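Heavy-atom basis, side chains included; hydrogens, waters and symmetry copies ignored. Just so it is clear, the structure is predicted and the values come from calculations on it, not from any experiment. The sequence lines fix the lettering, A, B, ..., with proteins before strands; numbering per chain opens at 1.
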Amino acid sequence: MPELPEVEYVARQLRGSIVEATIDNVLVFWERTIGHPDVPLFLNQIAGCRIEGVRRRGKHLILDLDNAHFLSIHRRMTGNLLLLPPGWVLDTSLREADPVAWETKGPSIYKETEPSNAKSSYCRVCFNFSDGRRLLYTDPRKFGLIELWPRADEQDVFSELGLEPLSEDFTVERLACVLAKRKSPIKQVLLAQKGVAGIGNIYADEALYHAQIHPLRPADSLTPEEVERLRAGIVSVLLLGIEHGGTSFTDYRDLWGEAGDNYSHLLVYDHDGQECKRCNSIIKRIVVAQRGTHFCPGCQPPPHPRAR
DNA sequence: CTATAAACCTGCTGGC
DNA sequence: TGCCAGCAGGTTTATA
(Lines give C-alpha, C1' and ligand atoms only; values in the text may rest on other atoms or scores of the structure.)
Protein backbone atom coordinates (compact mmCIF):
# COMPACT_ATOMS: atom_id res chain seq x y z
CA MET A 1 0.00 0.00 0.00
CA PRO A 2 2.69 2.46 0.59
CA GLU A 3 3.04 4.22 -2.73
CA LEU A 4 5.13 7.28 -3.47
CA PRO A 5 3.15 9.72 -1.27
CA GLU A 6 3.21 7.42 1.76
CA VAL A 7 6.95 6.84 1.33
CA GLU A 8 7.68 10.52 0.77
CA TYR A 9 5.63 11.59 3.77
CA VAL A 10 7.49 9.24 6.11
CA ALA A 11 10.82 10.19 4.52
CA ARG A 12 10.13 13.82 5.44
CA GLN A 13 9.24 12.84 8.99
CA LEU A 14 12.45 10.82 9.28
CA ARG A 15 14.49 13.67 7.84
CA GLY A 16 13.28 15.84 10.68
CA SER A 17 13.94 13.29 13.37
CA ILE A 18 16.75 10.79 12.81
CA VAL A 19 19.40 12.57 10.72
CA GLU A 20 22.64 12.48 12.71
CA ALA A 21 21.29 9.78 15.01
CA THR A 22 23.60 6.83 15.63
CA ILE A 23 22.46 3.22 15.31
CA ASP A 24 23.83 1.22 18.25
CA ASN A 25 22.59 -2.11 17.01
CA VAL A 26 19.79 -3.80 15.09
CA LEU A 27 17.48 -6.65 16.10
CA VAL A 28 16.06 -8.88 13.39
CA PHE A 29 12.94 -10.89 14.26
CA TRP A 30 12.09 -12.13 10.74
CA GLU A 31 15.24 -12.84 8.76
CA ARG A 32 13.69 -12.77 5.30
CA THR A 33 12.93 -9.06 5.75
CA ILE A 34 16.66 -8.48 5.26
CA GLY A 35 17.09 -8.75 1.50
CA HIS A 36 20.82 -7.95 1.30
CA PRO A 37 23.41 -8.85 2.45
CA ASP A 38 22.96 -11.90 4.68
CA VAL A 39 21.80 -11.14 8.19
CA PRO A 40 25.11 -11.51 10.08
CA LEU A 41 26.93 -9.25 7.63
CA PHE A 42 24.02 -6.79 7.66
CA LEU A 43 24.12 -6.55 11.46
CA ASN A 44 27.88 -6.20 11.45
CA GLN A 45 27.98 -3.47 8.83
CA ILE A 46 25.24 -1.35 10.31
CA ALA A 47 26.16 -1.34 14.00
CA GLY A 48 27.63 1.99 15.08
CA CYS A 49 26.63 3.86 11.90
CA ARG A 50 25.41 7.44 11.91
CA ILE A 51 22.53 8.41 9.60
CA GLU A 52 23.61 11.18 7.26
CA GLY A 53 20.45 11.74 5.29
CA VAL A 54 17.07 10.47 4.16
CA ARG A 55 15.93 10.19 0.54
CA ARG A 56 13.33 8.43 -1.60
CA ARG A 57 13.53 6.69 -4.99
CA GLY A 58 10.20 5.41 -6.30
CA LYS A 59 8.70 3.51 -3.36
CA HIS A 60 12.11 2.92 -1.77
CA LEU A 61 12.99 4.85 1.35
CA ILE A 62 16.74 5.46 1.51
CA LEU A 63 18.83 6.13 4.60
CA ASP A 64 22.38 7.26 3.83
CA LEU A 65 24.89 6.01 6.38
CA ASP A 66 28.32 7.35 7.28
CA ASN A 67 30.07 4.14 6.18
CA ALA A 68 29.51 4.73 2.44
CA HIS A 69 26.49 2.43 2.43
CA PHE A 70 22.77 3.13 2.24
CA LEU A 71 19.74 1.35 3.61
CA SER A 72 16.89 0.78 1.18
CA ILE A 73 13.52 0.08 2.76
CA HIS A 74 10.62 -1.13 0.61
CA ARG A 75 7.41 -1.62 2.58
CA ARG A 76 5.48 -3.53 -0.10
CA MET A 77 1.91 -4.10 1.11
CA THR A 78 1.77 -3.76 4.87
CA GLY A 79 5.16 -2.47 6.02
CA ASN A 80 5.37 0.56 8.30
CA LEU A 81 8.04 2.49 10.13
CA LEU A 82 7.36 3.55 13.70
CA LEU A 83 9.67 5.75 15.75
CA LEU A 84 9.46 5.09 19.48
CA PRO A 85 10.80 7.60 22.00
CA PRO A 86 12.93 6.31 24.90
CA GLY A 87 10.95 4.43 27.51
CA TRP A 88 9.30 1.76 25.39
CA VAL A 89 9.75 -1.96 25.99
CA LEU A 90 10.07 -4.67 23.34
CA ASP A 91 8.93 -7.85 25.05
CA THR A 92 10.26 -10.99 23.33
CA SER A 93 8.98 -13.50 25.87
CA LEU A 94 6.53 -14.92 23.32
CA ARG A 95 9.49 -16.41 21.44
CA GLU A 96 9.88 -19.14 24.06
CA ALA A 97 6.28 -19.18 25.28
CA ASP A 98 4.65 -19.78 21.87
CA PRO A 99 7.13 -20.03 18.97
CA VAL A 100 4.39 -20.39 16.37
CA ALA A 101 2.56 -17.23 17.47
CA TRP A 102 5.91 -15.44 17.82
CA GLU A 103 6.67 -15.90 14.11
CA THR A 104 3.44 -14.10 13.25
CA LYS A 105 3.07 -11.49 15.96
CA GLY A 106 6.66 -10.56 16.77
CA PRO A 107 7.53 -8.94 20.08
CA SER A 108 4.83 -7.13 22.03
CA ILE A 109 5.45 -3.45 22.75
CA TYR A 110 4.39 -1.18 25.56
CA LYS A 111 5.36 1.98 27.38
CA GLU A 112 7.36 0.99 30.43
CA THR A 113 4.89 2.95 32.56
CA GLU A 114 1.92 1.06 31.07
CA PRO A 115 2.82 -2.64 30.89
CA SER A 116 -0.88 -3.53 30.83
CA ASN A 117 -1.17 -1.87 27.42
CA ALA A 118 1.06 -4.41 25.67
CA LYS A 119 0.12 -5.28 22.09
CA SER A 120 1.51 -7.35 19.25
CA SER A 121 3.79 -5.22 17.12
CA TYR A 122 4.36 -7.35 14.01
CA CYS A 123 7.83 -5.88 14.35
CA ARG A 124 10.28 -7.58 11.99
CA VAL A 125 13.34 -5.37 12.50
CA CYS A 126 14.25 -2.91 15.28
CA PHE A 127 16.93 -0.22 14.97
CA ASN A 128 18.18 0.84 18.40
CA PHE A 129 19.58 4.37 18.52
CA SER A 130 22.24 5.50 20.98
CA ASP A 131 19.83 8.08 22.46
CA GLY A 132 17.34 5.40 23.51
CA ARG A 133 14.92 5.85 20.63
CA ARG A 134 13.91 2.89 18.46
CA LEU A 135 12.90 2.71 14.82
CA LEU A 136 10.63 -0.29 14.29
CA TYR A 137 9.96 -1.87 10.93
CA THR A 138 6.56 -3.54 11.28
CA ASP A 139 5.01 -5.72 8.60
CA PRO A 140 2.20 -8.23 9.28
CA ARG A 141 2.45 -9.87 5.87
CA LYS A 142 6.27 -9.88 5.80
CA PHE A 143 6.50 -8.87 2.13
CA GLY A 144 8.70 -5.82 2.70
CA LEU A 145 12.46 -5.78 2.25
CA ILE A 146 15.31 -3.92 3.92
CA GLU A 147 18.62 -3.93 2.08
CA LEU A 148 22.07 -2.53 2.75
CA TRP A 149 24.20 -1.64 -0.28
CA PRO A 150 27.45 0.22 -0.94
CA ARG A 151 26.60 3.69 -2.22
CA ALA A 152 28.74 2.97 -5.26
CA ASP A 153 26.22 0.30 -6.32
CA GLU A 154 23.21 2.58 -6.24
CA GLN A 155 22.86 2.84 -10.02
CA ASP A 156 22.68 -0.93 -10.34
CA VAL A 157 20.35 -1.40 -7.38
CA PHE A 158 17.75 0.95 -8.86
CA SER A 159 18.47 0.30 -12.55
CA GLU A 160 14.94 -1.04 -13.16
CA LEU A 161 13.21 2.10 -11.91
CA GLY A 162 11.83 4.66 -14.32
CA LEU A 163 11.22 8.41 -14.15
CA GLU A 164 10.72 10.15 -10.81
CA PRO A 165 7.33 11.80 -11.18
CA LEU A 166 8.12 14.69 -8.84
CA SER A 167 11.48 15.52 -10.42
CA GLU A 168 12.35 17.93 -13.22
CA ASP A 169 12.93 14.91 -15.47
CA PHE A 170 9.23 14.14 -15.52
CA THR A 171 8.44 16.07 -18.69
CA VAL A 172 5.71 15.40 -21.20
CA GLU A 173 8.39 14.50 -23.75
CA ARG A 174 9.99 11.87 -21.53
CA LEU A 175 6.66 10.42 -20.50
CA ALA A 176 5.56 10.23 -24.14
CA CYS A 177 8.79 8.45 -24.97
CA VAL A 178 8.23 5.87 -22.24
CA LEU A 179 4.59 5.23 -23.17
CA ALA A 180 5.25 4.96 -26.90
CA LYS A 181 7.26 1.79 -26.29
CA ARG A 182 4.44 -0.04 -24.52
CA LYS A 183 1.35 -1.64 -26.07
CA SER A 184 -0.04 -2.88 -22.75
CA PRO A 185 -2.96 -1.16 -21.03
CA ILE A 186 -1.90 2.19 -19.60
CA LYS A 187 -2.91 1.11 -16.10
CA GLN A 188 -0.51 -1.83 -16.24
CA VAL A 189 2.32 0.33 -17.57
CA LEU A 190 1.86 2.84 -14.74
CA LEU A 191 2.09 0.03 -12.16
CA ALA A 192 5.23 -1.53 -13.65
CA GLN A 193 7.75 0.97 -12.13
CA LYS A 194 10.00 0.70 -15.21
CA GLY A 195 8.56 3.69 -17.03
CA VAL A 196 7.51 5.82 -14.08
CA ALA A 197 8.49 4.95 -10.51
CA GLY A 198 6.38 5.18 -7.38
CA ILE A 199 2.82 4.84 -8.70
CA GLY A 200 0.73 2.02 -7.20
CA ASN A 201 -2.83 0.86 -7.57
CA ILE A 202 -4.55 3.74 -5.79
CA TYR A 203 -2.74 6.62 -7.45
CA ALA A 204 -2.77 4.95 -10.88
CA ASP A 205 -6.57 4.90 -10.82
CA GLU A 206 -6.73 8.43 -9.45
CA ALA A 207 -4.29 9.79 -12.06
CA LEU A 208 -6.14 8.16 -14.97
CA TYR A 209 -9.43 9.53 -13.67
CA HIS A 210 -7.90 12.98 -13.36
CA ALA A 211 -6.64 12.73 -16.96
CA GLN A 212 -9.94 11.23 -18.20
CA ILE A 213 -8.14 8.25 -19.73
CA HIS A 214 -9.60 4.72 -19.66
CA PRO A 215 -7.31 2.25 -17.85
CA LEU A 216 -7.44 -0.26 -20.72
CA ARG A 217 -6.19 2.19 -23.36
CA PRO A 218 -2.97 0.84 -24.91
CA ALA A 219 -0.14 3.01 -23.58
CA ASP A 220 1.14 3.76 -27.09
CA SER A 221 -2.27 4.99 -28.24
CA LEU A 222 -2.38 8.14 -26.10
CA THR A 223 -2.44 11.42 -27.98
CA PRO A 224 0.07 14.15 -27.02
CA GLU A 225 -2.75 16.00 -25.26
CA GLU A 226 -3.62 12.89 -23.27
CA VAL A 227 0.00 12.32 -22.30
CA GLU A 228 0.14 15.86 -20.95
CA ARG A 229 -3.11 15.39 -19.06
CA LEU A 230 -1.74 12.15 -17.60
CA ARG A 231 1.51 13.84 -16.58
CA ALA A 232 -0.41 16.60 -14.85
CA GLY A 233 -2.77 14.07 -13.26
CA ILE A 234 0.07 11.96 -11.86
CA VAL A 235 1.83 14.97 -10.36
CA SER A 236 -1.38 16.37 -8.97
CA VAL A 237 -2.65 13.20 -7.25
CA LEU A 238 0.78 12.42 -5.80
CA LEU A 239 1.21 15.92 -4.38
CA LEU A 240 -2.30 15.82 -2.96
CA GLY A 241 -1.54 12.46 -1.33
CA ILE A 242 1.60 13.85 0.32
CA GLU A 243 -0.26 16.96 1.43
CA HIS A 244 -2.86 14.81 3.22
CA GLY A 245 -0.30 12.54 4.86
CA GLY A 246 -0.94 9.52 2.62
CA THR A 247 -3.86 7.17 2.08
CA SER A 248 -4.77 4.83 4.95
CA PHE A 249 -7.03 1.85 4.40
CA THR A 250 -6.21 -0.47 7.25
CA ASP A 251 -2.47 -0.77 7.44
CA TYR A 252 -0.66 2.43 6.52
CA ARG A 253 0.49 4.59 9.39
CA ASP A 254 3.05 7.38 9.49
CA LEU A 255 6.21 7.54 11.61
CA TRP A 256 4.17 8.44 14.70
CA GLY A 257 1.56 5.74 14.13
CA GLU A 258 -1.04 8.16 12.76
CA ALA A 259 -3.32 7.31 9.84
CA GLY A 260 -3.15 9.49 6.72
CA ASP A 261 -6.09 11.57 5.62
CA ASN A 262 -6.02 11.10 1.85
CA TYR A 263 -8.66 8.35 1.64
CA SER A 264 -11.40 10.96 1.94
CA HIS A 265 -9.92 12.84 -0.99
CA LEU A 266 -9.91 9.90 -3.43
CA LEU A 267 -12.34 10.26 -6.32
CA VAL A 268 -12.48 6.78 -7.91
CA TYR A 269 -10.41 4.23 -5.99
CA ASP A 270 -12.75 2.01 -3.93
CA HIS A 271 -15.68 4.13 -5.13
CA ASP A 272 -17.34 1.55 -7.40
CA GLY A 273 -21.10 1.87 -7.32
CA GLN A 274 -20.92 5.54 -6.35
CA GLU A 275 -21.61 8.59 -8.50
CA CYS A 276 -18.77 10.29 -10.36
CA LYS A 277 -18.40 13.83 -9.03
CA ARG A 278 -17.61 15.09 -12.51
CA CYS A 279 -20.40 13.55 -14.63
CA ASN A 280 -22.66 11.62 -12.21
CA SER A 281 -22.13 8.28 -13.96
CA ILE A 282 -21.72 5.24 -11.72
CA ILE A 283 -18.07 4.38 -11.13
CA LYS A 284 -17.13 0.85 -12.20
CA ARG A 285 -14.61 -1.70 -11.00
CA ILE A 286 -12.86 -4.06 -13.41
CA VAL A 287 -9.73 -6.19 -13.14
CA VAL A 288 -6.65 -5.17 -15.14
CA ALA A 289 -3.48 -7.25 -14.83
CA GLN A 290 -4.91 -8.94 -11.73
CA ARG A 291 -5.47 -5.62 -10.00
CA GLY A 292 -8.75 -4.06 -9.03
CA THR A 293 -9.22 -1.01 -11.26
CA HIS A 294 -11.73 1.78 -10.77
CA PHE A 295 -12.85 4.26 -13.39
CA CYS A 296 -15.76 6.37 -14.53
CA PRO A 297 -17.41 5.02 -17.70
CA GLY A 298 -18.82 8.49 -18.34
CA CYS A 299 -15.67 10.55 -18.47
CA GLN A 300 -13.00 7.94 -19.22
CA PRO A 301 -14.00 6.75 -22.73
CA PRO A 302 -13.20 3.08 -23.51
CA PRO A 303 -10.51 2.14 -26.04
CA HIS A 304 -12.88 0.31 -28.40
CA PRO A 305 -16.37 1.41 -29.32
CA ARG A 306 -18.82 -0.53 -27.13
CA ALA A 307 -16.05 -2.12 -25.09
CA ARG A 308 -16.92 -2.41 -21.45
C1' DC B 1 8.72 -11.38 -25.77
C1' DT B 2 4.13 -11.18 -23.65
C1' DA B 3 0.40 -12.50 -20.88
C1' DT B 4 -1.32 -14.88 -17.04
C1' DA B 5 -0.81 -17.29 -12.74
C1' DA B 6 1.34 -18.32 -8.60
C1' DA B 7 4.10 -17.26 -4.72
C1' DC B 8 5.38 -14.65 -0.68
C1' DC B 9 2.08 -13.81 4.19
C1' DT B 10 -1.73 -12.41 7.47
C1' DG B 11 -6.02 -10.15 8.58
C1' DC B 12 -10.42 -8.73 7.38
C1' DT B 13 -14.97 -8.98 5.15
C1' DG B 14 -18.98 -10.94 3.32
C1' DG B 15 -21.86 -14.77 2.43
C1' DC B 16 -24.09 -18.84 4.06
C1' DT C 1 -22.32 -16.78 16.14
C1' DG C 2 -19.13 -19.53 13.27
C1' DC C 3 -16.69 -21.06 9.38
C1' DC C 4 -14.69 -20.53 4.98
C1' DA C 5 -13.67 -18.59 0.62
C1' DG C 6 -11.97 -14.69 -1.33
C1' DC C 7 -9.67 -10.41 -1.36
C1' DA C 8 -6.11 -6.53 -0.15
C1' DG C 9 -1.81 -1.07 -0.96
C1' DG C 10 3.49 -4.78 -4.22
C1' DT C 11 6.84 -7.29 -6.66
C1' DT C 12 9.23 -11.42 -8.35
C1' DT C 13 9.34 -15.81 -10.48
C1' DA C 14 7.46 -19.53 -13.04
C1' DT C 15 4.69 -21.19 -16.75
C1' DA C 16 2.30 -21.12 -21.14
N or O in side chain of A/R32 less than 4.0 angstrom from B/dC9 OP1/OP2:
yes
Can A/Y252 be called stacked on C/dG9 when the rule is centres closer than 5.5 Å and an angle between planes below 30°?
no
Would A/D24 and A/N128 count as a side-chain hydrogen bond (donor to acceptor under 3.5 Å, both in side chains) if you check the C-alpha gap in whole Å, the side-chain angles of each, and the deciding distance to 0.1 Å?
CA-CA 6 Å; A/D24 267 356; A/N128 289 318; over 6 Å; no
Phosphate OP1/OP2 of B/dG11 contacted by A/Y122 side-chain N/O (<4.0 Å):
yes
Base-pairing mate for B/dG14 - Watson-Crick or G-U, with both contacts under 3.5 Å:
C/dC4
So A/H265 and A/H244, would you call those rings parallel, tilted or perpendicular, with 30° and 60° as cut-offs?
parallel
Check the distance between C/dG10's P and A/K194's NZ and give it to me in whole angstrom.
18 Å
What about the rings of A/W149 and A/H36, do their centers lie closer together than 6.0 Å?
yes
Rounded to the nearest Å, what distance is computed from the NZ atom of residue A/K142 to the C1' atom of nucleotide B/dG11?
13 Å
Atom-to-atom span, CD of A/Q290 to P of C/dC7 - whole angstrom
12 Å
Gap between atoms CG and C1', on A/N80 and B/dT10 respectively (whole Å):
14 Å
To the nearest Å, how far apart are A/D251 CG and B/dC9 P?
17 Å
Produce the list of close N/O pairs, under 3.5 Å, pairing protein atoms with atoms of nucleotides 11-15 of chain C; give distances to one decimal.
from, atom 1, to, atom 2, distance (Å)
C/dT11, OP1, A/H74, NE2, 2.7
C/dT11, OP2, A/K59, NZ, 2.6
C/dT11, OP2, A/Q193, NE2, 3.4

Does B/dC9 pair with anything, Watson-Crick or G-U wobble, both distances under 3.5 Å, and if so, with which nucleotide?
none
Between A/S184 and A/W30, who's closer to the 5' end of DNA chain B by nearest nucleotide?
A/S184
Given the ring of A/F29, does A/R95 sit roughly above its face, with NZ or CZ under 6.0 Å from the centre of the six-membered ring and within 45° of the axis?
no
May I ask you to say what A/T250 touches in the nucleic acid, namely base, sugar-phosphate or nothing, with a heavy-atom cut-off under 4.0 Å?
base
Considering only atom P, compute the distance from C/dG6 to B/dA5 and round it to an integer number of Å.
15 Å
What is the distance, rounded to the nearest whole Å, between atom CD of A/E8 and atom C1' of C/dG9?
18 Å
Pick the P atom in B/dG11 and in C/dT11, then give their distance to the nearest Å.
22 Å
To the nearest angstrom, how far is A/M77 atom CE from B/dC9 atom P?
14 Å
Answer yes when A/D139 and A/R75 have at least one side-chain N-carboxylate O distance shorter than 4.0 Å, and no when they do not.
no
Using the six-membered base ring of B/dC9, report whether A/F143 stacks on it, requiring centroids under 5.5 Å and planes under 30° apart.
no
A/N80 and A/R253: side chain donor to acceptor below 3.5 Å
no
Exercise: do A/D251 and A/T78 side chains pair donor with acceptor under 3.5 Å
no
Separation of C/dA8 P from A/H294 NE2 (nearest whole Å):
8 Å
Below 4.0 angstrom, N of the basic side chain to O of the carboxylate: do A/R231 and A/E228 qualify?
yes
May I ask you to check whether A/F249 and A/Y269 place their ring centres under 6.0 Å from each other?
yes
Classify the nucleic acid contact of A/Y269 as base, sugar-phosphate or nothing, counting any heavy atom under 4.0 Å across all strands shown.
sugar-phosphate
Contact check, residues 90-106 of chain A vs DNA chain B, heavy-atom distance under 4.0 Å, returns A/T104, A/K105
For the residue pair A/E6 and A/Y203, confirm or rule out a side-chain donor-acceptor distance under 3.5 Å.
yes
